[in-house]
> 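Dropping the structure in here first, questions after.
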Amino acid sequence: MEQWITDWLSEFGYWGVFLLIMIENVFPPIPSEIILTLGGFMTTTTSMTIVGVIAVATLGSVAGAVILYFIGLQLDLERLEKIVEKHGRWLRVTKQDIHRADAWFDRIGPWAVFFGRLVPLVRSLISIPAGMSNMRFSVFLLLTTLGTVIWNTILVSAGAVLGENWHSLVGYFDIYSNIIYVVLVVVGIGWLVWFINKKKK
């Protein structure tokens, strides 16, 4: 995949960065770490600039996030309630659970959207619950853009500084991503155990 990304960016430049990052946001398995650090390195060997790569990467990331946000809008509270009415007994979920989760996201949603943009996998998926909770689009757009600019600036700048050694940074981000995935799995299992025990009581 790394060679394919390299060939794509070499051929399409800024447009390549924009499209790959937009797709990465909708389809998380495509690693933004490689796209951005490679894009940073290419600012030292092509006519692309650091500011330009950060700008188009941010536009692509926000575009992908907006797509997922509007998908989330289609899964609003009323639709979830209908799903729970039909399948709640098997899912062991009630309308009250849905409302509690919605209220929880209303409280921490802005922070989740902002900081979520700095976390692999979460940075893409966080847009869906933001849409589901009907977060104001202007707020979502602002926080998504701010978080994305930070993430993109760090990776693109690091790729430019490291130059031909940009691969070394990808290795560190692989470790960071794996740690995040383990934490997410542990938290998910913990929440599931708590939820099941609560239902039993």
Side-chain angles (χ1 to χ4, degrees), residues 1-74 110 112-132 135-174 176-177 180-181:
M1 178 178 287
E2 184 176 312
Q3 185 59 50
W4 175 77
I5 293 174
T6 301
D7 293 341
W8 179 275
L9 295 188
S10 297
E11 183 172 354
F12 298 106
Y14 287 129
W15 276 109
V17 174
F18 172 84
L19 290 173
L20 285 182
I21 289 296
M22 183 177 69
I23 295 171
E24 180 269 336
N25 271 263
V26 179
F27 190 66
I30 298 178
S32 65
E33 293 86 351
I34 293 179
I35 301 169
L36 295 171
T37 51
L38 174 58
F41 162 61
M42 292 182 69
T43 63
T44 66
T45 60
T46 68
S47 60
M48 292 195 297
T49 65
I50 293 177
V51 173
V53 172
I54 292 172
V56 295
T58 299
L59 288 174
S61 183
V62 171
V66 168
I67 291 172
L68 293 181
Y69 172 87
F70 281 104
I71 289 175
L73 282 180
Q74 304 307 310
V113 169
F114 176 74
F115 287 108
R117 301 304 301 180
L118 307 176
V119 180
L121 187 62
V122 175
R123 63 190 306 268
S124 297
L125 300 180
I126 195 63
S127 302
I128 295 178
M132 291 172 62
M135 176 183 288
R136 284 175 54 194
F137 183 66
S138 59
V139 173
F140 170 79
L141 200 60
L142 174 62
L143 296 174
T144 295
T145 302
L146 291 176
T148 298
V149 167
I150 294 173
W151 176 260
N152 292 347
T153 299
I154 292 172
L155 269 70
V156 172
S157 299
V161 170
L162 291 174
E164 294 183 354
N165 295 318
W166 66 273
H167 289 89
S168 62
L169 187 66
V170 175
Y172 287 114
F173 270 98
D174 284 342
Y176 170 63
S177 297
I180 292 296
Y181 296 152

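Since the model is a prediction, treat every value here as computed from it, not as a measurement.
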> Would you list the atom pairs, donor with acceptor, under 3.5 Å between side chains in residues 155-162 and any protein atom, with sequence neighbours excluded?
residue: Ser157; atom: OG; partner: Thr153; partner atom: O; Å: 2.7

> Between Leu68 and Ser127, what is the shortest heavy-atom contact and its length?
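Nearest heavy atoms, Leu68 then Ser127: CB-CB, 3.7 Å.
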> Mind checking what makes ring-ring contact (aromatic ring centres under 6.0 Å, His included) contact with Phe137, not counting sequence neighbours?
Tyr69, Phe70
> To the nearest 0.5 Å, how far apart are CG in Leu36 and CD1 in Ile154?
10.5 Å
> Does anything in residues 42-62 pair up under ring pair (Phe, Tyr, Trp, His ring centres under 6.0 Å), and if so which pairs, sequence neighbours excluded?
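Output for this query is empty, none listed.
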> If you round to the nearest 0.5 Å, how far is CG of Leu38 from CD1 of Ile35?
9.0 Å
> Identify every side-chain donor-acceptor pair in residues 58-67 under 3.5 Å, counting partners at least two apart or on other chains, and give the distances.
residue: Thr58; atom: OG1; partner: Ile54; partner atom: O; Å: 2.7
residue: Thr58; atom: OG1; partner: Asn152; partner atom: ND2; Å: 3.1
residue: Ser61; atom: OG; partner: Asn25; partner atom: OD1; Å: 3.3
residue: Ser61; atom: OG; partner: Asn25; partner atom: ND2; Å: 3.2
residue: Ser61; atom: OG; partner: Arg117; partner atom: NH2; Å: 2.6

> Give a yes or no answer on whether the side chain of Thr43 reaches the backbone of Gly40 with a donor-acceptor pair at less than 3.5 Å.
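It does hold such a pair.
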> Could you list the residues that satisfy side chain to side chain contact (heavy atoms under 4.5 Å, CB included) with Leu146, not counting sequence neighbours?
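Here the qualifying residues are Phe114, Leu142.
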> Quick one: side chain to side chain contact (heavy atoms under 4.5 Å, CB included) partners of Thr45, sequence neighbours excluded?
Phe41, Met42
> Work out which heavy atom in Phe140 is nearest to a heavy atom in Val113; give both atom names and the distance.
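In this case the closest contact between Phe140 and Val113 is CD1-CG1, 4.1 Å.
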> Nearest 0.5 Å, what's the CH2-CG distance between Trp15 and Leu20?
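Taking CH2 in Trp15 and CG in Leu20, the distance rounds to 13.0 Å.
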